[in-house]
Structure formats: structure tokens, C-alpha cells
Amino acid sequence: MWKSLAIRLCRLALLAAATWYPAAQAAEPVTIRLGDLAQSVNGIASGVMVSQGIDKKYGLKVEYSVYPTLDGLFTAIRGKQVDIGFGGWTAFAQFRSKGVPVTMLYPVGRGASLDVLVTKDSPIRSLADLKGKRIGSYAGAAGTATVLLRVLTSKYFGYDPGTGGQLQYAGPGLLPSLLEKGEIAAALLFDPLAAKAIASGKFRSIGNLADVYKDKVGEDFLWTGYATNDDFMKARPEALANFVRAWIEAVNYVKTHPEVFVAYGKQFGFDADNVRILQERVNADYVLTWNDEYIRYLGNFARLSNEVMGAGFLDSVPPAAFTTRFVPK
């Protein structure tokens, strides 16, 4: 009897092992190649996601890589060199309108850290004073931040730097140097570089673009989000849903753990006081609301953008440019 029982137990053990093996293989984390612009605040939550193992918690292995210019990042997103990439929502909508299969999954920032900087001793006091002056932008000709600048100056300050030959594009890390050398009169920059430049005492902000937009238009602005390509969305829908969950948890971790900014600030030479400034600005920037109503809300800016940029830029915003299907229920 005992021999028979032992044989049965052995068979059950073998069956359990055979059943477990495919399940263990299925539990292997899904690799997600995540692309970002170098020295971006997106890197704070992305870094927390990886360092705290939040990606692993959701069955993911996030491989975070950065690109020195926005054009390089967008090329990687369009060319499927990354599975998810950060960027301005107008760029993603424009890609989709031109037939590029890119869809934005979730918002990231509202533009609370998007400033136009001048040197401390510059006579320039507002966006109005930049008419006829050379302005540097990190965002490229079609980047959301550049478009926002052109919309505001065209509609409310009487000039368009895009048509006047005033705009110069450069990597974000180069702009403070160009500004200090006098090669540009102002620089459109984002955190952490904008906060660091202001904290240095060498530069000051003449306007936060999201605040100016709110003041002039009466609506909050949405700046950035992250997108994927249709092939990855079709092949790995569960991984994308899990990435959104992981991102939300990472952002909430950032908002409740100020020590994250101490560690992050050391990379860029922030002292304790300046880290607090960075913390306040970044936490104000992160957005955790995404629904159909929010997407419809983008239509007003799309209309203004089209009026300023002209035919061929956001003539329409295809519904496929955005999706809410991966937002946790």
C-alpha cells in the first residue's frame, strides 16, 4: 500500500512540476524599451520605477534610455527603436495625422516647469519684449513647447518667432551656455535644467508658458505624455496596462518621498534649498488624470496651433492619436 501511495505521490509531483514550468515561463517579465529626452523630469519617475522594483512588481523589465535631442527621440519612437517614448502630445497627434502608427497612452506633465529664461541682467522683462529677438528652444520646430510659445506670442503678444526667423533649436543642455554667451536672447527650457539655471542666480524666468496659457486662454495646458506604436500595442496590451499602473505608482512614490529629489538633485549639483524648488515644480507638473473628456479638452489648443502653424499642422486630430484603454479602472 505504501509503495503504491509513494508512486502516486511521485506522479502528482511530476504533474505539478510540468504544470508549474510553463507558468513560471509565462511569469518572465516583459521587457519594455523606454525612450526619453536626456535630462528630463520624466527620468525622476522612470528612475524610481526601476530602482524601487515597481516595474518588476507589474511583470515588467523597463530598459530606460535617453536621447540628446528631441528629434532623435522622435525618430526612435517612429522607428520602433523604443516600445514607449515620452514627448509632447501635439507631436504624437501630428505623427498620427501623417499616417505614422503612434498612439499616446497617458499624460505626464502639464508644463509647470516650462519656462522662458533670460540672463539675470537682461533688459527683457516679458514675452512681449522678445519681439525681433533670437529665442532658443530645446523642442524642435514641431515640438509641443515650441508650438505653445508660437501660439502665445502670435495670439497675445503680436509676433510669431517661427516666421520671423527668430527661433534656434539646440539640445537642452546647450541652451544655458548659448544664453550666457549672448548667442540667443532667451531660452525655452524645462526642469531640471530650468530650475537649476534659475537657482544659479545667472538666469531668471520671464514667463512660465503653462501659466501664461492659463491666464490668456482660461484653460489648463497639457504638455507631455508617453506613446507606443501600434505593433507593440497589439502584441503586448497587458504589458502596456501594467506600465501605466507602474507609472502611476512611481509618480505617487515621487510625490510622497522627498528624498528622491535629494538623490536626483545631486546629479545636477542642486543644494538643499534648490532641491526643494525642483521638488515643488516637478510635483506640480505631473498629471494623473486621463479620460475622454480630457482628450476632448485638447481640441482648443489644436485649433489654435493650426491657426498659427498653418495648413498641414494638426488640420485634424485623429481619434487614434490617443487612447484611454490602458487606464486602470
Side-chain angles (χ1 to χ4, degrees), residues 30-47 49-50 55 60-109 111 114 137-148 169-173 190 222-237 239-244 246-247 250 286-287 290 295 298 301-302 305 309 312-314 316-327:
V30 177
T31 297
I32 288 185
R33 300 169 300 169
L34 180 61
D36 196 6
L37 185 64
Q39 300 178 313
S40 165
V41 294
N42 308 322
I44 299 176
S46 298
M49 186 189 296
V50 175
D55 58 340
L60 306 174
K61 179 184 177 183
V62 171
E63 297 179 348
Y64 180 73
S65 59
V66 298
Y67 295 78
T69 67
L70 202 55
D71 286 342
L73 173 59
F74 284 160
T75 297
I77 293 171
R78 291 191 299 260
K80 304 177 187 177
Q81 298 165 26
V82 296
D83 304 310
I84 297 176
F86 293 99
W89 71 265
T90 59
F92 296 144
Q94 182 74 351
F95 294 160
R96 176 61 74 168
S97 71
K98 298 299 184 183
V100 179
V102 169
T103 300
M104 181 169 148
L105 308 175
Y106 202 76
V108 172
L114 198 58
S137 173
Y138 77 91
T144 303
T146 300
V147 176
L148 174 59
Y169 306 106
F190 61 95
L222 178 63
W223 173 31
T224 56
Y226 50 80
T228 189
N229 61 78
D230 284 5
D231 287 345
F232 194 81
M233 186 161 52
K234 182 178 180 180
R236 294 292 190 178
L240 291 175
N242 285 332
F243 181 87
V244 174
W247 174 260
Y286 279 141
V287 178
W290 190 236
I295 292 172
L298 306 181
F301 184 73
S305 299
M309 303 292 286
F313 187 86
L314 293 182
S316 63
V317 178
F322 310 106
T323 184
T324 61
R325 64 179 284 201
F326 303 109
V327 176

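- Put simply, the side chain of Phe243 does not reach to within 4.5 Å of the side chain of Thr228, judged on heavy atoms.
- With 3.5 Å as the limit, one finds no donor-acceptor pair spanning the side chains of Thr323 and Thr103.
- Closest of all the heavy-atom pairs between Leu70 and Ala139 is CD2-O, 3.1 Å.
- Between Phe74 and Phe95, the angle of the ring planes goes over 60°, which puts this pair in the perpendicular group of the 30/60° scheme.
- Using a 4.5 Å heavy-atom threshold, the side chains of Tyr169 and Thr146 count as touching.
- Between the Gln39 side chain and the Pro68 main chain, no donor and acceptor come within less than 3.5 Å of each other.
- Here the side chains of Leu240 and Met233 are in contact, with some heavy-atom distance below 4.5 Å.
- The environment of Arg78 atom CZ is dense: over 12 non-hydrogen atoms of other residues, nucleotides or ligands sit within 6.0 angstrom.
- Contact record, Tyr67 with Gly35: CE1-CA, 4.3 Å, taken as the closest heavy-atom pair.
- Smallest separation of non-hydrogen atoms from Thr144 and Ala91: OG1-N, 3.9 Å.
- Rounding to the nearest 0.5 Å gives a distance of 5.5 Å between CG of Asp36 and OG of Ser46.
- The shortest distance between side-chain heavy atoms of Thr90 and Phe301 falls below 4.5 Å.
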- Item | Criterion salt bridge (Lys or Arg N to Asp or Glu O under 4.0 Å) on Arg96 and Asp230, from CA distance to verdict | CA-CA 11 Å; Arg96 176 61 74 168; Asp230 284 5; 2.7 Å; yes
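- Taking the centre of each ring, Tyr138 and Phe190 come in below the 6.0 Å mark.
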- Can you list the steps and then say if Asn229 with Ile77 is a side-chain contact (heavy atoms from CB on, under 4.5 Å)? CA-CA 8 Å; Asn229 61 78; Ile77 293 171; over 6 Å; no
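- In this structure, the ring of Tyr226 has its center no less than 6.0 angstrom from the ring center of Trp290.
- Within the 4.5 Å cutoff, the side chain of Arg325 has heavy atoms near those of the Pro237 side chain.
- In terms of heavy atoms, Val147 sits closest to Ala142 at CG2-O, 3.9 Å.
- Leu73 CG to Gln81 CD: the interatomic distance, rounded to the nearest 0.5 Å, is 10.0 Å.
- For the pair Tyr286 and Val108, the minimum side-chain heavy-atom distance is below 4.5 Å.
- For the atom pair CG of Asp83 and CD of Glu63, the computed distance is 8.5 Å after rounding to the nearest 0.5 Å.
- Using bins of under 30°, 30° to 60° and over 60° for the plane-to-plane angle, the ring pair Trp89/Phe322 lands in the tilted bin.
- Without hydrogens or angle criteria, Thr69 side chain to Gly72 main chain gives a donor-acceptor distance under 3.5 Å.
- The closest donor-acceptor contact from the side chain of Ser97 to the backbone of Leu314 lies at 3.5 Å or more, if one exists at all.
- When all heavy atoms of Val317 and Ala302 are compared, the pair lying nearest together is CG2-CB, 3.6 Å.
- Atom-to-atom distance recorded for Leu148:CG and Trp223:CH2 is 10.5 Å, nearest 0.5 angstrom.
- Between Trp247 and Leu105 the shortest side-chain heavy-atom distance does not fall below 4.5 Å.
- For Leu222 against Gly109, the heavy-atom pair with the smallest separation is CD1-O, 3.5 Å.
- In this structure, OG1 in Thr224 is found 8.5 Å from CZ in Phe92, a value given to the nearest 0.5 Å.
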